[in-house]
Amino acid sequence: MRRLLVAVLLASPAAAQKNERSKDEVLAATNAFMDALNSNKPDAAEAMTHPSLTIQILRFPPEGGSRFSVMTRSQLFDNFRKAPPRRFDERIVRSRVLVTRDHAHVWAPYTLDIDGKRIHCGVDSFGWSKIDGKWLLTTFGWTADPKGCPPK
């Protein structure tokens, strides 16, 4: 704990300002990614990801327990491309952004509605890396819980 406090106290105002700019950039990238998915533009969303994107999902079925699965980048975006016409509306409720140099993480509770019906809610976990001057999504995960979601 003492080391953390010292590191925070020793951070220069310029470094703190750069960190805040990076947080804003990462939050903008996260919002752009979600806007692309919500607008049924999987190619645009995919362009914001690293080719080695890893995806992890933890589902909480109504009958209890949990189910863990992984998905490839192509599986994720092919699912969007092959989906029947629908109104996909995933909304981040609030988010927390953590940044260290060119690595960032966004922890974001969300709700998911499809065609106006609440499907589930949970937490999205976005891992971003700044590569060649551009923030790319390198890890993505979420929980999916059909119970206890906030009302529409």
Side-chain angles (χ1 to χ4, degrees), residues 4 11 15-152:
L4 175 62
Q17 192 175 30
K18 182 179 185 228
N19 193 46
E20 285 306 309
R21 268 195 316 274
S22 292
K23 283 184 178 183
D24 291 344
E25 291 172 1
V26 167
L27 193 54
T30 302
N31 290 334
F33 179 78
M34 293 309 302
D35 287 347
L37 292 180
N38 285 331
S39 301
N40 194 28
K41 297 177 182 170
D43 293 340
E46 187 173 20
M48 296 177 220
T49 68
H50 189 274
S52 298
L53 174 69
T54 59
I55 302 151
Q56 300 177 347
I57 306 114
L58 188 61
R59 298 182 198 290
F60 302 108
E63 62 276 7
S66 63
R67 287 193 326 247
F68 176 78
S69 61
V70 294
M71 185 182 293
T72 66
R73 178 185 190 227
S74 60
Q75 286 172 322
L76 174 67
F77 295 110
D78 285 349
N79 284 347
F80 276 91
R81 289 182 189 102
K82 294 175 184 174
R86 62 188 179 164
R87 197 171 73 242
F88 183 88
D89 186 23
E90 183 170 334
R91 297 289 162 191
I92 291 176
V93 178
R94 64 186 174 285
S95 59
R96 179 159 184 197
V97 182
L98 302 170
V99 177
T100 183
R101 296 178 55 124
D102 290 344
H103 180 71
H105 192 86
V106 178
W107 182 263
Y110 74 92
T111 59
L112 174 63
D113 299 341
I114 295 181
D115 294 331
K117 180 181 177 204
R118 177 72 31 97
I119 303 301
H120 64 254
C121 56
V123 174
D124 281 335
S125 173
F126 302 89
W128 295 92
S129 295
K130 195 169 194 177
I131 300 169
D132 297 327
K134 182 179 177 183
W135 288 103
L136 294 176
L137 191 61
T138 53
T139 63
F140 184 37
W142 65 88
T143 63
D145 194 344
K147 295 181 180 179
C149 298
K152 289 183 60 150

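Numbers here are sequence positions counted from 1.
The side chain to side chain contact (heavy atoms under 4.5 Å, CB included) check on Asp78 picks up Ser74, Arg81, Lys82, with sequence neighbours excluded. With sequence neighbours excluded, the residues forming a salt bridge (charged side-chain N to carboxylate O under 4.0 Å, His left out) with Asp113 are Arg118, Lys152, listed by chain and number. For the salt bridge (charged side-chain N to carboxylate O under 4.0 Å, His left out) test, no residue two or more places apart in sequence or in another chain qualifies with Arg59. Under the rule for a salt bridge (charged side-chain N to carboxylate O under 4.0 Å, His left out), the partners of Glu25 that lie at least two apart in sequence or sit in another chain are Lys130. Residues passing the side chain to side chain contact (heavy atoms under 4.5 Å, CB included) test with Leu136 are His50, Ile131, Lys134, sequence neighbours excluded. In this structure, Ser95 has no side chain to side chain donor-acceptor pair (under 3.5 Å) partners at least two apart in sequence or on a different chain.
Between the side chain of Thr72 and the backbone N or O of Gln75, at least one donor-acceptor pair lies under 3.5 Å. In terms of modelled atom types and a separation under 3.5 Å, the side chain of Thr49 and the main chain of Leu137 share no donor-acceptor contact.
Residues Phe140 and Ile57 form no side-chain contact, since every pair of their non-hydrogen atoms from C-beta on lies 4.5 Å or further apart. Residues Asp145 and His120 form no side-chain contact, since every pair of their non-hydrogen atoms from C-beta on lies 4.5 Å or further apart. Phe88 has its side chain out of reach of Asn40: every pair of non-hydrogen atoms, C-beta onward, lies at least 4.5 Å apart. Counting heavy atoms from C-beta on, the side chains of Trp107 and Leu98 never come closer than 4.5 Å.
More than 12 heavy atoms of other residues, nucleotides or ligands shown are found within 6.0 angstrom of CZ on Arg86.
Using a cut-off of 4.0 Å between Lys/Arg side-chain N and Asp/Glu carboxylate O, Asp89 and Arg91 are scored as salt-bridged.
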